[in-house]
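The structure appears below as structure tokens.
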Amino acid sequence: MAEEKPLRKIAEAFKELEAAVNSQVAEVEVAPFSRACSLVSPLFGCLGIAFKFAEMDYVAKVHDLSEASNSISTLQVLLDRDIEAGCVRKGGSHSRNLLRVKRGIDMVRVLFEQIIVTKGNSLKDPASKAYAQVFAPHHGWVIRKAVAAGMYALPTKKQLLNKLNEDENSARVQMQSYIAASAPLILYIDKLFHSRKLGIDW
């Protein structure tokens with residue numbers, strides 16, 4: 001990543017989505033949503049083996065939403081079409097993929113929050129807390145065990161920031177920007193599912 005600033009790109013893309021959520025129409029389009037989410041993918045890669053499964057799963061689901069954006073305008077339309085087709089909970093449905101991608105961006109939000117408040121150079125605590133809060137309730141014992149083992153191979157905070165071409169101060173600014181912008185978006189997606197009586201714990 002030759003002097004690229006992935007954190008900055010992520011923060012800017014999610015700010016635009018937050019603006020859509022807070023707009024009068026409050027509709028989030030699938031295309032910018034999937035584009036913003038794709039910018040998050042390299043972060044999982046930077047975290048090493050512990051999040052390898054999350055990276056592969058997340059990348060595939062974002063790709064599906066990106067393809068869907070060719071024929072589906074907004075996240076609301078995406079859900080409603082799956083409801084009509086009776087395939088909301090089926091493996092590979094756009095709705096199911098949207099829920100999985102939302103967990104990915106939520107995990108990164110919690111990770112950033114934890115990195116900001118945790119002293120020292122280790123990412124083990126922030127990553128463990130983020131995983132436990134967002135992913136663990138939906139994963140079986142085998143995956144949880146693999147993730148726990150992988151936590152010992154996490155990069156240090158310094159190594160992560162080097163990969164992202166940021167120093168501690170600039171990273172904190174971008175992470176806080178992402179946290180602030182992603183929270184209303186995550187809530188918005190949860191509401192879309194709840195308002196259609198679909199729930200979000202599946």
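Every value quoted in this text rests on a predicted model; they were computed, and no experiment measured them. Quick note: numbers below take in every heavy atom, side chains included, and nothing from hydrogens, waters or symmetry partners.
Between the side chain of Ser69 and the backbone N or O of Val30 there is no donor-acceptor pair closer than 3.5 Å. Under a 3.5 Å cut-off, the side chain of Arg103 and the backbone N or O of Tyr58 do not form any donor-acceptor pair. Side chain of Asp57 to main chain of Ala54: no donor-acceptor pair is present (N/O by atom type, distance under 3.5 Å, no hydrogens or angles). The backbone N or O of Leu65 lies less than 3.5 Å from no partner atom in the side chain of Asn97, so there is not a single donor-acceptor pair. With hydrogens and angles ignored, the 3.5 Å screen pairs a side-chain donor or acceptor of Arg144 with a backbone N or O of His139. A distance-only check finds no donor-acceptor pair linking the side chain of Asn165 to the backbone of Lys5 [under 3.5 Å]. Panel note: side chain Ser195, backbone Leu192; a donor-acceptor pair is recorded below 3.5 Å.
Across all non-hydrogen atoms, the minimal contact from Val21 to Ala26 is O-CB, 3.5 Å. Across all non-hydrogen atoms, the minimal contact from Ile200 to His138 is O-CE1, 4.4 Å. Across Phe33 and Leu75, no two heavy atoms sit closer than the pair CD2-CD2, 4.0 Å. When all heavy atoms are compared, the tightest approach of Ser93 to Arg96 is OG-N, 3.0 Å. Pairing each heavy atom of Cys37 with each of Val62, the nearest pair is CB-CG2, 3.9 Å. In terms of heavy atoms, Cys46 sits closest to Pro155 at O-CG, 3.2 Å.
The aromatic rings of Tyr131 and Phe51 sit perpendicular, their planes meeting at an angle over 60°, well past the 30° parallel limit. The aromatic rings of Phe53 and Phe135 stand perpendicular to each other, their planes meeting at an angle above 60°, with 30° marking the opposite boundary. Classified by interplanar angle (parallel below 30°, tilted 30° to 60°, perpendicular above 60°), the ring pair Tyr178/Phe14 is perpendicular.
In this structure, Lys158 NZ and Ser122 OG are separated by 15.0 Å, a value rounded to the nearest 0.5 Å. A distance of 6.0 Å separates NE2 in His94 from CG in Leu78, rounded to the nearest 0.5 Å. Residue Ile189 holds its CD1 atom at 11.5 Å from CD of Gln76, rounded to the nearest 0.5 Å. Rounding to the nearest 0.5 Å places CD1 of Ile179 at 4.0 Å from CD1 of Ile116. The line from CD of Glu12 to OG of Ser177 is 8.0 Å long, rounded to the nearest 0.5 Å. Here CE of Met175 is found 9.0 Å from CD1 of Ile10. Values are rounded to the nearest 0.5 Å.
By the neighbour-count criterion of 12 heavy atoms within 6.0 Å, atom CD1 of Ile186 is densely surrounded, having more than that number from other residues, nucleotides or ligands. For Trp141, the CH2 atom is loosely surrounded, since the number of other residues' heavy atoms within 6.0 Å does not exceed 12. When the shell of 6.0 Å around CD of Glu29 is examined, it contains 12 or fewer heavy atoms from other residues, nucleotides or ligands.
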Is there a side-chain contact (heavy atoms from CB on, under 4.5 Å) between Tyr188 and Leu17? Walk through the geometry before answering. CA-CA 11 Å; Tyr188 172 82; Leu17 294 177; over 6 Å; no
Salt bridge (charged side-chain N to carboxylate O under 4.0 Å, His left out), that's the test. Do Lys52 and Glu55 meet it? Break it down for me.
CA-CA 5 Å; Lys52 193 70 199 156; Glu55 182 190 11; 3.0 Å; yes
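Between Lys102 and Asp190, at least one side-chain nitrogen of the basic residue sits less than 4.0 Å from a carboxylate oxygen of the acidic one, meeting the salt-bridge criterion. Residues Glu113 and Lys129 are not paired through a salt bridge, judged by the lack of any N-O separation under 4.0 Å between the basic side chain and the carboxylate. Look at Arg109 and Asp106 and you find a salt bridge, because one of the NZ, NE, NH1 or NH2 atoms lies within 4.0 Å of a carboxylate O, short of that distance.
Each of Leu79, Leu99, Asp82 was checked for a side chain to side chain contact (heavy atoms under 4.5 Å, CB included) with Leu198, and the lone residue meeting it is Leu79. Across Val117, Val110, Leu154, Leu111, a single residue satisfies side chain to side chain contact (heavy atoms under 4.5 Å, CB included) together with Pro126, and that is Leu111.
Looking at Asp125 and Ser128, their side chains never bring a donor and an acceptor atom within 3.5 Å of each other.
Hydrophobic clustering, with ILVMFWY side chains joined whenever heavy atoms are under 4.5 angstrom apart, keeps Val142 apart from Met56.
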